[in-house]
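Numbering starts at 1 and runs along the sequence shown. Keep in mind it's a predicted model, so treat the numbers as computed, not measured.
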Amino acid sequence: PKTQKKIVEISVAEQRERDTRHSNLILTKLKEVDTNIKDEMAKLDKEKFLEMCVLMKVEMKADDIADCRRLGKKREDGHPRALKITLKDARKKGNIFKSYKLLASNEEFKPVKLSNDLTKLQREIYQQMWDEAKQKTQDDTSGNCVYKVVGPPWNWILKKFQKKDQ
């Protein structure tokens with residue numbers, strides 16, 4: 001009974017954490033603006049994100065963004081920190097994911113990666129699946145296939161792809 005109660009408590013806490021992250025996006029490799037003023041940086045990052053939305057043909061206004069902040073401490077090597085965007089409407093997040101591929105044609109935003117804001121447990125599960133995909137790719141005797149983890153966090157699957165000709 002105590003063990004079951006603990007499992008339920010952990011499950012409820014995990015679900016609560018997922019709910020708080022539901023409308024968050026994480027952008028990596030987006031160049032940081034050259035300022036140390038926190039409010040100014042947030043404003044410029046928000047403007048950059050809105051510029052990305054225009055390129056993706058996603059209707060987004062500054063009012064639609066509840067929060068915009070860089071994660072972690074500024075790095076000495078100049079590598080940009082991840083940018084966490086919290087949207088007021090989680091449905092807009094889906095539109096961004098659907099249109100994300102349109103950024104590939106823009107040189108400034110081409111290296112930018114988009115992901116969900118995952119809980120620690122979700123990151124661990126993803127890492128296990130990624131390791132499994134990597135192992136299956138290495139074990140493939142034909143050498144023509146690569147395995148990848150695809151899908152949204154609530155429905156990740158391992159999928160086999162044909163390698164593209166180099």
Side-chain angles (χ1 to χ4, degrees), residues 3-31 45 48-60 64-72 79-166:
T3 307
Q4 286 179 331
K5 184 179 178 185
K6 188 71 172 168
I7 290 170
V8 169
E9 286 173 3
I10 291 170
S11 297
V12 168
E14 175 68 17
Q15 189 57 49
R16 210 174 288 130
E17 183 69 18
R18 288 180 185 188
D19 290 345
T20 61
R21 295 168 183 248
H22 182 66
S23 56
N24 293 352
L25 291 166
I26 303 293
L27 298 171
T28 55
K29 299 185 180 179
L30 179 65
K31 289 183 183 164
D45 281 335
K48 202 52 93 172
F49 176 69
L50 291 170
E51 186 181 329
M52 288 172 63
C53 289
V54 168
L55 290 170
M56 293 186 288
K57 298 176 173 65
V58 172
E59 190 178 318
M60 183 76 62
D64 297 328
I65 303 169
D67 191 33
C68 177
R69 69 178 65 197
R70 292 283 175 166
L71 303 176
H79 185 79
R81 296 173 290 168
L83 178 65
K84 179 175 121 179
I85 306 280
T86 303
L87 302 174
K88 291 180 181 174
D89 183 359
R91 289 176 294 193
K92 292 205 180 226
K93 178 178 161 180
N95 296 339
I96 291 167
F97 272 103
K98 287 176 190 168
S99 305
Y100 170 66
K101 61 184 171 275
L102 295 175
L103 288 180
S105 61
N106 182 286
E107 285 304 311
E108 180 184 3
F109 298 124
K110 192 175 187 173
V112 175
K113 302 295 177 207
L114 175 69
S115 63
N116 284 292
D117 186 9
L118 304 177
T119 65
K120 185 177 182 193
L121 178 62
Q122 287 175 312
R123 287 192 300 270
E124 289 169 359
I125 291 168
Y126 182 84
Q127 185 63 49
Q128 289 171 355
M129 291 184 77
W130 190 86
D131 290 342
E132 184 181 345
K134 187 176 174 183
Q135 188 62 49
K136 280 188 168 195
T137 300
Q138 289 173 350
D139 293 347
D140 180 53
T141 54
S142 71
N144 297 341
C145 298
V146 63
Y147 289 83
K148 294 183 178 182
V149 180
V150 296
W154 59 89
N155 192 27
W156 280 321
I157 57 170
L158 282 182
K159 191 168 181 182
K160 183 178 182 178
F161 293 91
Q162 291 293 320
K163 280 187 180 175
K164 293 180 183 173
D165 293 330
Q166 276 8 352

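No side-chain heavy atom of Gln135 sits under 4.5 Å from any side-chain heavy atom of Glu132. Looking only at side-chain heavy atoms (C-beta outward), Asn95 and Met60 stay at 4.5 Å or farther from each other. Annotation: side chain of Gln127 is not in contact with side chain of Arg123 (no heavy-atom distance under 4.5 Å). Looking at Val112 and Phe49, their side chains never come closer than 4.5 Å, going by heavy atoms from C-beta outward.
Remark: of the listed residues Val150, Thr137, Asn144, Val150 is the sole one forming a side chain to side chain contact (heavy atoms under 4.5 Å, CB included) with Phe161.
Scored by the side-chain hydrogen bond (donor to acceptor under 3.5 Å, both in side chains) test, Ser23 finds no partners at all (sequence neighbours excluded). With sequence neighbours left out, the side chain to side chain contact (heavy atoms under 4.5 Å, CB included) criterion links Arg16 to Val12. By the salt bridge (charged side-chain N to carboxylate O under 4.0 Å, His left out) test, Glu108 pairs with Lys48, sequence neighbours left out. Not counting sequence neighbours, the partners of Asp89 by the salt bridge (charged side-chain N to carboxylate O under 4.0 Å, His left out) test are Arg91. Considering only residues two or more places apart in sequence or on other chains, Asp131 meets the salt bridge (charged side-chain N to carboxylate O under 4.0 Å, His left out) condition with none of them. Remark: Leu121 engages Glu14, Arg18, Thr119, Glu124, Ile125 in a side chain to side chain contact (heavy atoms under 4.5 Å, CB included) (not counting sequence neighbours). Legend: residues meeting side chain to side chain contact (heavy atoms under 4.5 Å, CB included) with Lys101, ordered by chain and number and at least two apart, are absent. Looking at residues two or more places apart in sequence or on another chain, you find a ring-ring contact (aromatic ring centres under 6.0 Å, His included) between Tyr126 and Trp156. Residues satisfying the side chain to side chain contact (heavy atoms under 4.5 Å, CB included) test with Thr28, not counting sequence neighbours, are Ile26, Ala82, Lys113. Under the side-chain hydrogen bond (donor to acceptor under 3.5 Å, both in side chains) criterion, Ser142 pairs with Asp140, not counting sequence neighbours. For Arg70, the salt bridge (charged side-chain N to carboxylate O under 4.0 Å, His left out) partners at least two apart in sequence or on another chain are Asp45.
A donor-acceptor contact shorter than 3.5 Å is absent between the side chain of Lys84 and the backbone of Asp67. For the pair Lys159 (side chain) and Gly151 (backbone), a donor-acceptor distance under 3.5 Å is absent.
In plain terms, the two heavy atoms of Lys31 and Pro80 that are nearest each other are CA-CB, 4.2 Å. Residues Thr20 and Asn24 come closest through the heavy atom pair O-ND2, 4.0 Å. Nearest approach of Met129 to Leu158, heavy atoms of both residues: O-CD2, 3.6 Å. Annotation for Leu30 and Met52: closest pair CD1-SD, 4.3 Å, computed over non-hydrogen atoms. Summarising the geometry of Cys145 relative to Gln162, their closest heavy-atom pair is SG-NE2, 3.8 Å, with the distance given to 0.1 Å.
Other residues, nucleotides and ligands contribute only 12 or fewer heavy atoms inside 6.0 Å of the CD atom of Gln4. The local environment of NZ in Lys88 is crowded, with over 12 non-hydrogen atoms from other residues, nucleotides or ligands closer than 6.0 Å. Within 6.0 Å of the CD atom in Glu9, the count of heavy atoms belonging to other residues, nucleotides or ligands exceeds 12. Enclosure of atom NZ in Lys92 by more than 12 non-hydrogen atoms of other residues, nucleotides or ligands within 6.0 angstrom is indicated.
Distance check, rounded to the nearest 0.5 Å: CG of Asp139 to NZ of Lys136 gives 9.5 Å. Going from atom OG of Ser115 over to atom CG of Leu27 covers 7.5 Å, rounded to the nearest 0.5 Å. Thr86 OG1 to Arg69 CZ: the interatomic distance, rounded to the nearest 0.5 Å, is 7.5 Å. To the nearest 0.5 Å, the span separating CG on Leu103 from CG on Leu55 amounts to 6.5 Å. Between the CD1 atom of Ile65 and the SG atom of Cys53 there is a distance of 6.5 Å, given to the nearest 0.5 Å. Between Asp117 atom CG and Leu25 atom CG the span is 9.0 Å, to the nearest 0.5 Å.
For residues 81-110, no pair satisfies ring pair (Phe, Tyr, Trp, His ring centres under 6.0 Å), with sequence neighbours left out.
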